[in-house]
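Structure record follows, encoded as structure tokens.
Whatever order the structure lists them in is the order used to number ligands and atoms, beginning at 1.
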Amino acid sequence: MKKNYSAVWENCLKVIKDNISHQSFKTWFEPIKPVNLDDNVLTIQVPSQFFYEWLEEHYITLLKKTIKKELGSAGRLEYSIIMDNSYSSEPYAIKFPTSNKNITSNQPVTMPLDLNNGSSKEIPNPFIIPGLKKIKVNSQLNENYSFDNFIEGDCNRLARSAGYAVANNPGKTAFNPLLIYSNVGLGKTHLAHAIGLEVKSRYPEKTVLYVTSEQFTNQYIDSVRNNNQNDFVHFYQMIDVLIIDDIQFLSKKEKTQEVYFHIFNHLHQNSKQLIITSDKPPVEMSGMNTRLLSRFKWGLSADLQVPDLETRIAIIETKLYKDGVEMPRDVIEYLAYSITTNIRELEGALISILAQSSLNKKAITLELAKKMIDKFVKNTSREISIDYIQKVVCDYFGLPLEAINSKTRKREIVQARQLAMFFSKKLTKASLATIGHHCGNKDHATVLHACRTVNNLVETDKQFRNYVEELDKKITL
Ligand code: ADP
Ligand code: MG
């Protein structure tokens with residue numbers, strides 16, 4: 001009896017599914033189509049050359065085993081690679097991304113706090129009056145940042161499931177506070193919103209609030225100015241789920257930290273949920289009140305890692321699907337392969353390619369993608385920050401990071417500080433004043449002087465020039 005190729009492949013898939021992660025299965029096996037079975041040779045169709053190579057490289061043993069099981073030791077596997085030209089003639093149209101991710105600036109804010117910091121317009125009692133039974137708070141949550149849109153991968157599994165557990169049972173799990181940390185562009189803000197949205201849908205009566213730590217700080221400053229700090233504190237103390245994004249910006253803001261500390265304690269004692277995001281784990285946070293830091297360690301700190309290739313592909317595919325656009329498989333793979341460390345950049349590159357194709361009525365081809373990505377990767381492959389520069393410089397000279405900000409005039413430290421200033425000027429868009437402020441609280445003239453000194457030394461001192469060249473490499477690598 002002749003075996004049916006679909007049935008054979010179906011059986012293979014069952015085995016494969018049990019042996020690899022769900023995400024890998026979806027990425028690499030669901031797109032495969034069985035097309036023929038002849039003389040114990042099973043032919044499967046794969047979407048691209050790259051796809052075929054990836055299977056051969058990573059799943060060959062598994063494939064061999066399953067084929068042998070199904071077809072006996074004479075069983076063979078053949079690939080048929082689709083050369084897909086269906087995209088090449090038709091330029092496709094895109095809807096420009098309508099979802100506005102930048103939620104802080106253009107959403108109507110009905111939250112009872114003045115978010116237009118700096119403006120001195122009088123708001124008649126901007127705060128909710130404590131004691132009122134029914135309050136309405138704009139949670140400031142972005143609907144697009146849902147769990148549904150948050151692709152799961154090894155890189156985020158712990159944080160995601162902890163977040164999910166918290167959303168199901170806010171304030172009642174051991175994950176309180178839940179602290180999510182990672183480098184930029186890896187999904188902290190997204191995950192924080194997802195938790196908030198999930199709580200709102202499960203417990204509509206609960207008051208959820210998302211604020212950035214800048215908003216929090218500015219509101220606090222305003223409340224001091226308007227002499228209604230109590231109202232500020234009371235408002236925050238009645239929140240059920242308080243999400244503070246990028247807590248590192250509270251660094252060195254002692255008063256704001258203190259008031260947050262009180263709010264934190266009150267909420268925690270009343271089994272309310274606290275969610276915090278940060279660019280560092282608590283042990284590495286600097287400029288933070290130690291009592292506050294010790295509170296952060298009460299709950300769970302979960303990090304988000306750089307996503308692996310499968311997850312990056314899945315993220316791109318989900319975005320495309322949501323926007324209702326198609327893109328050739330090889331372009332998707334190329335994108336996922338080229339941009340590895342920052343999901344925001346991955347999305348940025350994706351949008352540029354779509355825009356470019358749409359504006360110039362050009363088909364999305366690998367060639368176009370390569371051109372765009374080259375530009376993208378060169379220009380913005382990494383957001384180099386002053387903090388990062390300081391870290392590299394200090395590591396390089398074996399100095400503690402605090403040295404840069406200390407008052408000391410020791411030669412080696414002065415030099416490290418000058419180098420940090422020099423590279424900050426060269427590699428970031430920050431102003432001289434900002435750079436000075438971050439490097440030991442100096443003024444812009446000091447920064448200018450540092451840049452000149454470094455330039456002079458590079459000309460005259462060979463050893464110094466070596467330092468600068470090596471540092472440059474390390475920072476921009
Ligand atoms: P962070 O706050 O860590 O800098 P964001 O939460 O702003 O990062 O994420 C940057 C972009 O990447 C957002 O558009 C977000 O939707 C997207 N993103 C991050 N992680 C995921 C994920 N796991 N699945 C889908 N999109 C993601
Ligand atoms: Mg963020």
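- Under the 4.0 Å criterion applied to side-chain N and carboxylate O atoms, K188 and D279 are not assigned as salt-bridge partners.
- The N/O atoms of L191, backbone and side chain alike, include none that comes under 3.5 Å of an N/O atom in ligand 1.
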Start with the C-alpha distance between Q215 and Y220, add both sets of side-chain angles, then the distance that settles side-chain hydrogen bond (donor to acceptor under 3.5 Å, both in side chains), and finish with yes or no.
CA-CA 8 Å; Q215 286 174 334; Y220 173 63; over 6 Å; no
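- The Mg ion (ligand 2) has an N, O or S atom of T189 inside 2.8 Å of it.
- Taking a cut-off of under 4.0 Å to the non-hydrogen atoms of K319, the atoms of ligand 1 that pass are 16 (O), 26 (N).
- The aromatic rings of Y260 and F296 sit tilted, their planes meeting at an angle between 30° and 60°.
- Ring centroid separation for the pair H58 and W28 does not come in under the 6.0 Å cut-off.
- Below 4.0 Å from some heavy atom of N156 lie the following atoms of ligand 1, by number and element: 23 (N).
- Aromatic rings from F216 and F249 are positioned such that their centres are separated by 6.0 Å or more.
- Atoms of ligand 1 found under 4.0 Å from any heavy atom of Y145, numbered from 1 in the order shown, are 13 (C), 14 (O), 16 (O).
- Between I151 and ligand 1, at least one N/O pair is under 3.5 Å apart.
- Both the backbone and the side chain of T189 come within 4.0 Å of ligand 1, counting heavy atoms alone.
- With a 4.0 Å heavy-atom cut-off, ligand 1 is reached by the side chain of E347 but not by its N, CA, C or O.
- Listed by atom number, the atoms of ligand 1 under 4.0 Å from V184 heavy atoms are 4 (O).
- Backbone and side-chain nitrogen or oxygen atoms of L186 are examined, and one is located within less than 3.5 angstrom of a nitrogen or oxygen of ligand 1.
- Counting heavy atoms of neighbouring residues, nucleotides and ligands inside a 6.0 Å radius, atom OH of Y337 does not exceed 12 of them.
- The backbone N or O of T212 sits nowhere less than 3.5 Å from a side-chain atom of D245 that would complete a donor-acceptor pair.
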